[in-house]
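First comes the structure, then the notes that go with it.
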Amino acid sequence: MKSSSLFAHDKPLQPWMWAVLVNRMQVGYFMLILPNVLVQPYMVWIILLAGCLALLNLWVIGKGLEASYQQHETEGWRPFMGSVWMRVLMVPCLVIMLLKLTIVVKGYVGIVHQILFPSVNTGTFIVLMMFAGYYLAKHGMWTVLRFGVIAFLMSAWILVLYGYFLLPPEANYSHLYPIIPLQWPSHWLESLLFVWAAFAGPEYFVVLGPWTGGKPLTKYFLAGHVVSLFEYVYFFFVSLLFFGSPYLKTVDIALIQLVRYIQLPFFERVEMIVVPAYMAPVVLVIALLMLYVYGALRILLKRIRKPPHAGGLFMVFLAVGGYLLIVDRWLWTSEIQRRMWEQLQMVVGGASFALTPALFLVLHAMQSRRRKSEKAQ
Amino acid sequence: MNILRRLFPAMFSAFHAKDEPAHGDEQTRTDSSLSVEELQKRFCHVHDACVKELQVNAQAVTLFYVRSLIDAEQLREGILLPLVHGDYDCASRAIISDQVKPVPNLEKAIEQTLQGAVIVFGEGQVFAVHIPSTISRSIESSEQEAIVYGPKDSLSEQLDQNLTMIRRRLPVPELKYCLFTLGTLSKTNVALLYIEGIANPENIRLAFEKTSNIDFDVFFDSSHVSAFLEDHMGSVFPQFQQTDRPDAVAAALASGKIVWLVANTPFALIAPVTFFDLFQSPEDYIHRWMVSSFLRSLRFFAFLFAIVLTPVYVALTTHHYYSIPLEVLYLLMESRSEIPFTPIWEAMFMLLTLEILKEASLRMPTKSGQTLGIVGGIVVGQAAVEANVASNILIIHIAVSAIASFLVPNYLMTNSSKLIQFALLILAAWLGMWGIIFGMVWVLIHLTGLTSLKQPYFAPLTPMYWRDWKDTIVRLPLKMMKQRPGHLRPVAKSRMKKEIR
């Protein structure tokens with residue numbers, strides 16, 4: 001692949017593939033740890049509430065993408081923001097992206113380390129995951145987006161596997177009591193923010209207008225999100241039905257621990273397949289964010305007019321890989337530090353998900369005002 | 001064709017200049033340096049180069065040819081007898097053939113002589129009569145893609161014969177054929193075929209562009225040509241389908257693909273192809289659709305089985321032995337109890353032995369093949385177990401995966417799977433199941449990024465073409481395949497008569 005085709009957008013992505021991408025961006029590390037955070041059965045309403053709010057958010061994002069000013073990559077933003085403000089905006093964007101990468105990679109690698117290979121250094125997995133992400137990113141944005149289908153197929157089947165826990169005797173439906181809270185739940189706002197942040201991810205698509213081919217995508221965004229919402233509720237119920245609230249609190253990464261109870265006639269530890277299968281969506285996010293970081297750096301360093309270079313992407317790979325290894329070695333080594341990163345992502349990820357539609361609305365208002373003034377002249 | 005003519009005016013003028021007969025004054029004008037003596041000088045020490053001098057109605061006529069390149073029967077019947085016994089005032093009128101071509105200069109004369117022409121020097125006229133020797137084997141059935149039912153003929157080394165077989169299957173004027181001569185030394189004729197009005201013009205343009213840009217000295221096989229046409233040279237997967245079945249070539253043309261026929265090789269090249277195309281067999285369309293669907297699904301499963309079965313054994317026995325049910329674990333422990341090697345070395349040794357046996361069976365004479373089978377299958381396998389070099393269970397794994405790999409109809413794909421298997425084996429020994437799936441993800445990324453003639457190799461999966469799934473992993477009834485594959489972006493989408501024209 002030629003380096004100049006990293007951001008080539010001569011072929012639009014098929015509309016329904018956006019649904020798959022939205023879905024895979026939303027089901028990540030936070031979904032796996034969600035049952036341990038919510039615990040109580042009535043917290044399902046929190047998931048539904050956050051899901052409905054996210055639905056509105058995605059509707060705005062979808063509509064924003066359909067707007068014509070998004071059809072020319074970041075050029076479309078420049079007339080409204082100016083190149084200086086664009087560069088200023090890139091600084092927080094880079095921070096948000098690096099934080100997302102940290103949570104996605106380190107969260108997944110932590111699970112692999114804990115469940116599969118406690119004896120292997122987490123750095124090894126980080127390096128391998130980064131290599132896979134770089135290899136995908138090297139093929140260009142169009143291939144990365146198409147890989148969404150593979151990521152979906154490689155990980156969506158896991159949903160079916162958990163169906164085993166929906167039926168008695170594994171499922172104890174009395175664990176669903178109380179589904180209606182007897183009193184106002186404590187920490188409800190924190191839980192809502194957690195679920196909201198878990199649904200974050202599709203806001204990264206706002207700059208992918210050129211790959212939409214100008215087609216209306218809102219319904220596909222919403223469809224993808226509805227599937228994600230179903231998965232969240234499904235996995236929450238499954239872990240609740242099996243473990244019950246009191247025991248669920250004490251189980252670490254309940255969804256993965258749950259799989260250990262499945263015994264096939266020829267294979268008894270299904271988590272050996274389930275945990276690696278989640279690798280594909282993680283690689284997808286790494287590749288996407290790596291291209292985003294490279295794009296942001298090109299804007300920041302005033303290189304947007306020059307064609308993208310494969311060497312530039314490689315430098316980003318080295319820099320991001322180095323950053324993740326530093327985080328792994330010094331900044332995410334204990335449970336307390338893990339909680340701190342999760343809290344940080346909860347706030348920053350949630351805020352970026354919430355603010356992106358607002359940014360769209362502002363840009364839309366600016367565009368309308370400009371049109372009016374042009375008509376008046 | 002008109003589209004191409006507009007896109008490549010220079011190229012088309014060049015092609016047609018080659019094919020047009022020599023009637024114009026410009027083309028019959030001969031360079032003064034062209035003479036029999038000059039030709040003889042250039043063919044000095046070429047002992048089958050012949051000069052024959054004749055008298056035709058008091059005119060001296062000289063023939064120059066290379067004996068081993070021409071058809072002696074045609075020389076006698078078509079040239080010598082008409083010249084000697086005919087009553088014509090000039091040599092060119094005596095010879096009635098559509099293969100008479102002008103010879104404007106010495107270089108052209110040399111080129112045509114080497115293509116099997118007789119250069120005729122008459123009174124102020126020089127022309128070439130093409131009577132190439134057609135040494136060829138008879139039309140036989142395909143060895144590589146043998147089928148039980150269906151057409152038995154296969155392509156041969158003769159380009160014209162191959163074209164005839166394809167044209168008989170597709171007798172339409174829309175089947176276009178352009179000839180390229182590739183190789184500065186081999187001068188290999190390469191025919192590019194497509195159906196105008198079905199094949200995508202962008203694909204045709206790209207095929208012309210890539211073929212005309214080829215620059216190399218020799219081309220002895222279609223694989224050599226494909227090496228210059230492929231988009232990714234660093235891939236283990238074949239980006240062109242190679243087949244010697246004319247029915248497969250005709251089917252590919254009818255679906256909107258482009259075909260290259262290379263002289264002196266029976267294997268045609270087909271592009272654009274997808275990963276899934278390489279699992280199809282012409283017999284799929286002969287069986288009942290349910291049987292075909294089952295067999296095709298089985299091939300995909302077998303391919304996966306062939307590449308992961310041995311690595312999974314290594315992963316389980318090295319890292320995840322606690323994943324194996326207790327009853328099976330006892331068997332495995334018993335089988336491996338006296339083996340001094342780790343699973344990776346055990347598997348690596350046996351896999352390499354198998355590959356050596358497979359390679360040897362290809363190179364050895366047919367009669368020795370049976371002996372090799374006995375030596376390989378019984379002696380090596382049995383001895384390896386008895387000598388505690390490999391476990392019984394591993395031997396079963398390797399045998400099953402070897403048999404499974406042969407279910408893939410495309411031999412090039414079968415060979416590709418070997419490399420993937422070895423890579424997965426190393427990853428399995430290092431990181432167990434996680435390593436195997438990491439390797440699989442890597443292969444899937446590679447397949448997603450791969451293209452064949454700039455078209456996605458992993459279509460119709462990604463990008464997804466729902467309609468094409470009727471003929472991918474399953475094969476639905478032909479009546480339901482009313483449209484050509486969408487991923488080929490054909491001009492005429494429908495296969496139905498009314499909508500094509």
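Each chain gets a letter, A, B and so on, in the order its sequence line appears, and its residues count up from 1.
Annotation: A/Trp16, atom CH2; neighbour count of heavy atoms from other residues, nucleotides and ligands within 6.0 Å is above 12. Counted within 6.0 Å of NZ on B/Lys493, heavy atoms from surrounding residues, nucleotides or ligands total 12 or fewer; the atom is thus considered open. No more than 12 heavy-atom neighbours from other residues, nucleotides or ligands sit within 6.0 angstrom of CZ on A/Phe131. When the shell of 6.0 Å around CD of B/Glu334 is examined, it contains 12 or fewer heavy atoms from other residues, nucleotides or ligands. In A/Lys219, the NZ atom is not crowded: 12 or fewer heavy atoms of neighbouring residues, nucleotides or ligands sit closer than 6.0 Å. Counting heavy atoms of neighbouring residues, nucleotides and ligands inside a 6.0 Å radius, atom CZ of A/Arg260 exceeds 12 of them.
When side chains are defined from C-beta on, A/Met272 counts as touching B/Tyr322, because their heavy atoms get closer than 4.5 Å.
For the options A/Met154, A/Met129, A/Glu268, heavy-atom pairs under 4.5 Å to chain B are most numerous at A/Glu268. The most heavy-atom pairs under 4.5 Å with chain A, out of B/Ala315, B/Pro325, B/Pro456, B/Gly435, come from B/Pro325. Of the residues considered (A/Val149, A/Leu264, A/Leu13), A/Val149 shows the highest number of contacts with chain B, using heavy-atom pairs under 4.5 Å.
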>> Could you walk me through whether A/Phe267 and B/Leu316 satisfy the side chain to side chain contact (heavy atoms under 4.5 Å, CB included) test, starting with their C-alpha distance in whole Å, then the side-chain angles of each, then the deciding distance to 0.1 Å, before giving a yes or no?
In response: CA-CA 10 Å; A/Phe267 201 74; B/Leu316 291 181; 3.3 Å; yes
> Does the side chain to side chain contact (heavy atoms under 4.5 Å, CB included) test come out yes or no for A/Val283 and B/Trp442, once each step is laid out?
Replying inline: CA-CA 10 Å; A/Val283 170; B/Trp442 195 279; over 6 Å; no
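Looking at A/Phe117, the atoms closer than 4.5 Å to chain B (heavy atoms on both sides) all sit in the side chain, from C-beta outward. Heavy-atom distances place both the backbone and the side chain of A/Leu136 under 4.5 Å from chain B. Proximity to chain A (any heavy atom under 4.5 Å) is shown, for B/Leu444, by both the backbone and the side chain. Using a 4.5 Å cut-off between heavy atoms, A/Val112 touches chain B through its side chain atoms alone. Interface remark: B/Leu447 contributes no atoms to any contact with chain A (heavy atom separation under 4.5 Å). With a 4.5 Å cut-off on non-hydrogen atoms, A/Leu128 touches chain B through its backbone and its side chain both. Residue contact with chain A, scored on non-hydrogen atoms closer than 4.5 Å, involves the side chain of B/His319 exclusively.
Closest approach of A/Lys11 to B/Lys454, counting heavy atoms only: NZ-O, 3.6 Å.
Atoms CE and CZ, on B/Met433 and A/Arg269 in that order, are 13.0 Å from each other to the nearest 0.5 Å. Atoms CD and CZ, on B/Glu327 and A/Phe266 in that order, are 14.0 Å from each other to the nearest 0.5 Å. The distance from atom CD1 of A/Ile273 to atom CH2 of B/Trp434, rounded to the nearest 0.5 Å, is 15.5 Å. Remark: B/Tyr465 OH to A/Gln14 CD distance equals 6.0 Å, nearest 0.5 Å. Note that OG1 of A/Thr143 is 10.5 Å distant from CD1 of B/Ile445, once rounded to the nearest 0.5 Å.
The salt bridge (charged side-chain N to carboxylate O under 4.0 Å, His left out) contacts involving residues 105-124 of chain A comprise A/Lys106-A/Asp328, where partners must be two or more places apart or lie in separate chains.
Between the A/Arg146 side chain and the B/Thr448 main chain, a donor and an acceptor come within less than 3.5 Å of each other.
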